[in-house]
Amino acid sequence: MQNESTVQRPHLITPGINFKEVSDIVCKPVEDKTPKWWFIAFTGAVSLLLLLLSMLSYLIWEGVGVWGLNNPVAWGFDIVNFVFWVGIGHAGTLISAILFLFKQKWRMSINRFAEAMTIFAVICALVFPGIHVGRAWLDFYLFPIPNQMAMWPNFRSPLLWDVFAVSTYFSVSLLFWFVGLIPDLAVIRDRAKTKTKKMVYGIFALGWRGANRHWQNYEKAYLLLAALATPLVLSVHSIVSFDFAVSQLPGWHTTIFPPYFVAGAIFSGFAMVVTLMVLARELFGLKDLITLHHLECMNRIILATGTMVGYAYAMEFFTAWYSGNQYEAFAFVNRAFGPYAWAYWIMISCNVISPQLFWSKRIRTSIPLMFIISIFVNIGMWFERFVITVTSLHADFLPSSWAYYSPTWVDLCTLAGSFGLFFTLFLLFLKFLPMIAISEVKGVMPEANPHHGEAH
Amino acid sequence: MSKNTQHNVHGVMAEFKGPREIMQAAEHFRDAGYKDFEVYTPFPVHGMDRAMGLKPSKLAWFVLCGGATGLAFGLTLQTWVATSAYKLTISGKPFFSYQAFVPVCFELMVLFSAFTAVFGMLIMNGLPRWYHSVFKHSTFHKASSHGFFLCIEARDKKFDQQASIDLLQGLGATNIEVVED
C-alpha cells in the first residue's frame, strides 16, 4: 500500500474494517435490544429531571427568595450554572467546526457525540437565565417582540447581547447537528427491519438518497456552517464574559475575560467529552472507531487549554497588582485567602494542577486516569465560575454591605436536576441516533479515496 | 418494449464495487457526452464533481445574501429602537451608539447565514422528497451504507436503454436494472 507521505500517521480507525462494518458498528446500539444498564441509568436521569422540574415549579410558585441570594450577591448558582453549561457546549462546536476547518480528520469519530453534548448542554444553560429573571412568565421581554406597551429592549446591555448570542448559538448548533445527521438517518432508514422504524427515520432523513449533485451542495453547506460556527463559538463565550467584564466590579472588570472564558469553555467541554466518551465506547463497543488515539488527542487539547487557563489566573493576579488599584488588588487577595479560599484552591488544584499530569504519555493514554482527571476538570471549571461570580460580589466596595453567600437546598437540587436534564437527553440520543457520524468516518477511510491502491 | 411504456422509464441503474470503479464509470459517461446521469454514494467521493463534469455549487452566493440581510436587519432594528422607537438614556451615551450594536449585528448575520445555508441546501437539492424512482432499484438500500450506484436517466438526449445496459456491463457494473418512474 502506497502512502502519500513518508511519515506514518496513526490510523484513524482500526485498519481492515470495511464500509459495511462501519455502518454495522455504529447502528448496533440503535438496532440491538436496549441493554439493562441503559434502563438503570435512564431511571436515574429521569428522577433527577423530575427533581429539576419540581425545583423550578417551587421557584416559580414561591419566588427567587428560595435561593440563597443576598444583597451583595445577587448572582449565585443560577449564573454559575448557566456559564458552566454554556462552556461545556463549546467543545462540541470546537470539534465540529474548528477542527473541521483545520482538516483534523480524527474529529470525524467524535464530532456527532460532541455536538449532541453541545445541544443538550445549551438546553441546560438556557434554563437558568430563564428562571433567573424572577418572573419567568415575562421571559419574552428579553426579545424584541412588538407589544402593547410599545416597549423595546436595551440593545446597549451585554445581558441582551447574551440573549442573541446564546439563542443564535443554539439554533446554529442544532442546524449543524441535523445536517450532519441527514445521511446517517438514511442509513438507519435503509437498514430498518420494521415498518414504523423505517417511516420515522425516513421522515427525518428527508428522503436523502446520496446523489452526487446533493453531496455537492451538502458539503458546501457543511463547510459554510463550520466557517460560521467558528467565529460564533468564540463570540458566544466572549459575550458571556461581557456580562461580567462590562460591569465596573473589581474582579470582573478585566480585558482578559473574553479569551480567558473561551479557553476555559473549551477546556471544560473537552473534559466532559472525555468523561462521556470513555464510558460510551466501553459500553457500546466502539473501540474500533473511537481509538485511544482520539482520546489522547483530546487530552492534549485539555492540557493546552488547561495551561492557558492557568496563565489567565496568574495574569489576573499580575494585572491586579500592576494596576495599582487597591480595590482590584483586594478582590484577588480576597479570592485566594479570604472566606472563599476553599473554593479558589479547589479550582486551582483541579484546573491548573491536574491537567498538567497529561504531559506524561502514560497518564494521557490510561483510560482510568484520564477519566478521573476529566472529572476533576469538570468540578474545577464549575468552581471557576463560582469563584468569579461569588467572590467578586460578596465583598464589594463598602465593607458594610459585605456578606457571605451560601446556596440553599433549592440551589443544590436545581444544579443536580440540571444534570438530570442533560443525561436524560443524552441517553435518549445514545439509544435512538447514530452516535458516530457514519458518512464522515467513511469519507476519511483510506478505501474512500478513489485512488486508493493505485501506484504513484 | 412498446412506445407507451418507454416514457415511464426513469433510467438504467447499476451498482459498482467501490469509489474507484464508480469514478471511472462517471468519467466514461462524461467523456461519452452524457449529461443527465447521477451517481449515488454513501459519502461524498472526492473528485466526483470533475468526473461527472459538474460546476461547483452556487450555495455560497445565497449564504452571502442571507448574511448581508441579517447584518442589515440587525443594524436597522437596533438603530430604529435606540433612536426612535424607545429612547433610553443610559449613562448619557448617544442614542446611536453603534459600537454597542456590533454583537447583535454579528449574531444576526450568523443566524441568517446559517438558516440560508441549510434551507438553501435543502431547496437546491429538492429535499425533503420522500419518494424517488431510484428507491425502486432492488439493492438501493445499500446506497446509504456501502453501495455505489450510477443511474443514466431517460431524459438525457443520448439515452438509449439497450446501449446504456451494454455500456454499464462493459464497465463491470452489477445489478443492472431499468427503474421506472
Side-chain angles (χ1 to χ4, degrees), chain A residues 18-20 23 144 150-156 158 160-161 164-165 168 171-172 175-176 178-179 183 186-187 189-191 202-203 206-221 224-225 228-229 231-232 235 239 242 438-440 442-443 447-454, chain B residues 18-20 22-23 26 38-49 51-52 54 56-57 59-60 63 77-78 81-82 85-86 88 90 93 97 100-101 103-104 106-108 110-111 113-115 117-118 120-122 124-125 127-132 134-135 140-146:
Chain A
N18 65 29
F19 296 134
K20 185 175 183 312
S23 312
M151 203 168 64
W152 291 89
N154 171 22
F155 283 106
R156 281 165 288 178
L160 193 75
W161 304 344
F164 279 81
T168 301
S171 317
V172 173
L175 286 175
F176 203 3
F178 179 67
V179 167
V187 177
R189 171 198 67 196
D190 292 343
R191 292 166 59 99
I203 288 169
L206 307 179
W208 181 261
R209 47 187 194 273
N212 192 60
R213 283 181 177 82
H214 290 184
W215 279 122
Q216 224 190 353
N217 293 324
Y218 176 92
E219 280 200 288
K220 181 65 89 183
L224 288 168
L225 283 175
L228 290 166
L232 176 66
S235 85
I239 291 175
F242 289 161
I438 305 173
S439 69
E440 290 182 58
K442 286 177 188 162
E447 294 83 359
N449 183 349
H451 305 294
H452 173 66
E454 287 174 12
Chain B
R20 177 148 52 123
I22 193 131
M23 188 125 118
E38 184 60 279
V39 301
Y40 299 89
T41 52
F43 51 84
V45 177
H46 190 71
M48 186 57 92
D49 298 346
M52 287 175 70
L54 299 179
S57 168
L59 184 66
V63 176
L77 171 74
Q78 293 181 87
V81 166
Y86 205 70
L88 285 171
I90 289 156
K93 286 172 193 142
S97 21
F101 300 163
V104 173
F106 173 78
E107 299 301 333
L108 287 174
V110 170
L111 187 69
S113 309
F115 272 98
V118 175
M121 180 268 284
L122 291 177
M124 286 168 87
N125 287 351
L127 296 175
R129 174 176 172 177
W130 287 281
Y131 171 81
H132 197 275
V134 294
F135 287 117
F140 192 71
H141 60 271
K142 278 157 58 181
S144 57
S145 167
H146 54 281

* Asked: Under a 4.5 Å heavy-atom cut-off, does chain B meet the side chain of Ile438(A), its backbone, both or neither?
  -> neither
* To do: Check Ala114(B) against Leu228(A) and note the closest heavy-atom contact, atom names and distance.
  => N-CD1, 3.7 Å
* Structure fact -> Nearest heavy-atom approach of Trp152(A) to Tyr86(B) is O-CD2, 3.3 Å
* Step by step, would you call Asn125(B) with Arg209(A) a side chain to side chain contact (heavy atoms under 4.5 Å, CB included)? -> CA-CA 10 Å; Asn125(B) 287 351; Arg209(A) 47 187 194 273; over 6 Å; no
* Heavy atoms from other residues, nucleotides or ligands near NZ of Lys142(B) exceed 12 (cutoff 6.0 Å) -> yes
* Would you check if Leu224(A) and Ser113(B) make a side-chain contact, meaning some heavy-atom pair closer than 4.5 Å? => no
* Pick from Pro158(A), Ala229(A), Pro183(A), Pro231(A): which one has the most heavy-atom pairs with chain B under 4.5 Å? -> Pro231(A)
* Asked: Can you tell which of Val45(B), Ile22(B), Asp49(B) has the highest number of heavy-atom pairs within less than 4.5 Å of chain A?
  -> Asp49(B)
* **Top contributor to chain A contacts, counting heavy-atom pairs under 4.5 Å, from Met124(B), Met52(B), Glu107(B)** => Glu107(B)
* Asked: What part of Met48(B) lies closer than 4.5 angstrom to a heavy atom of chain A: side chain, backbone, both or neither?
  -> both
* Could you walk me through whether Leu111(B) and Ser171(A) pass side chain to side chain contact (heavy atoms under 4.5 Å, CB included), step by step? => CA-CA 8 Å; Leu111(B) 187 69; Ser171(A) 317; 3.7 Å; yes
* Report the distance from atom CH2 of Trp208(A) to atom CH2 of Trp130(B), rounding to the nearest 0.5 Å. => 14.5 Å
* **Closest-packed option against chain B by number of heavy-atom pairs under 4.5 Å, given Gly207(A), Ala211(A), Ala150(A)** => Ala211(A)
* chain B contact via Val187(A) - side chain, backbone, both or neither, heavy atoms under 4.5 Å -> both
* To do: State the NE2-OH distance between His214(A) and Tyr40(B), to the nearest 0.5 angstrom.
  => 7.5 Å
* **Note, Asn18(A) side chain near His146(B) side chain (heavy atom, < 4.5 Å)** => no
* Asked: Heavy-atom distance under 4.5 Å between the side chains of Pro44(B) and Tyr218(A), does that happen here?
  -> no
* Do you know which of Trp161(A), Trp215(A), Phe155(A), Phe176(A) has the most heavy-atom pairs with chain B at a distance under 4.5 angstrom? -> Trp215(A)
* Please say whether more than 12 non-hydrogen atoms of neighbouring residues, nucleotides or ligands are located less than 6.0 Å from NE2 in His132(B). => yes
* Which atom of Ser439(A) lies closest to which atom of Pro42(B), heavy atoms considered -> CB-O, 3.5 Å
* Which portion of Phe115(B) sits near chain A, non-hydrogen atoms under 4.5 angstrom -> both
* Structure fact -> Highest number of heavy-atom pairs under 4.5 Å with chain A among Ser97(B), Ala85(B), Ala82(B) belongs to Ser97(B)
* Is it true that a side-chain atom of Arg156(A) and a backbone atom of Leu88(B) form a donor plus acceptor pair closer than 3.5 Å? -> yes
* Picking from His141(B), Glu38(B), Met121(B), which has the most non-hydrogen pairs under 4.5 angstrom with chain A? -> Glu38(B)
* Below 4.5 Å from any heavy atom of chain B, which atoms of Gln216(A) appear? Answer side chain, backbone, both or neither. => both
* Can you tell which of Leu175(A), Asn212(A), Asp190(A) has the highest number of heavy-atom pairs within less than 4.5 Å of chain B? -> Asn212(A)
* Taking C-beta and beyond as the side chain, do Val63(B) and Lys220(A) meet within less than 4.5 Å on heavy atoms? -> no
* Can you say whether Leu232(A) sits under 4.5 Å from chain B via the side chain, the backbone, both, or neither, judging by heavy atoms? -> both
* Structure fact -> Applying a strict 4.5 Å limit to non-hydrogen atoms, the region of Val39(B) in contact with chain A is both
* To do: Sort out for me which of Ser144(B), Gly47(B), Pro128(B) touches chain A most, counting heavy-atom pairs under 4.5 Å.
  => Ser144(B)
* With only heavy atoms counted, which part of Leu122(B) is less than 4.5 Å from chain A, the side chain, the backbone, both or neither? -> side chain
* Pro144(A) and Leu77(B), any side-chain heavy atoms less than 4.5 Å apart -> yes
* Side chain, backbone, both or neither: which part of Met23(B) has a non-hydrogen atom closer than 4.5 Å to chain A? -> side chain
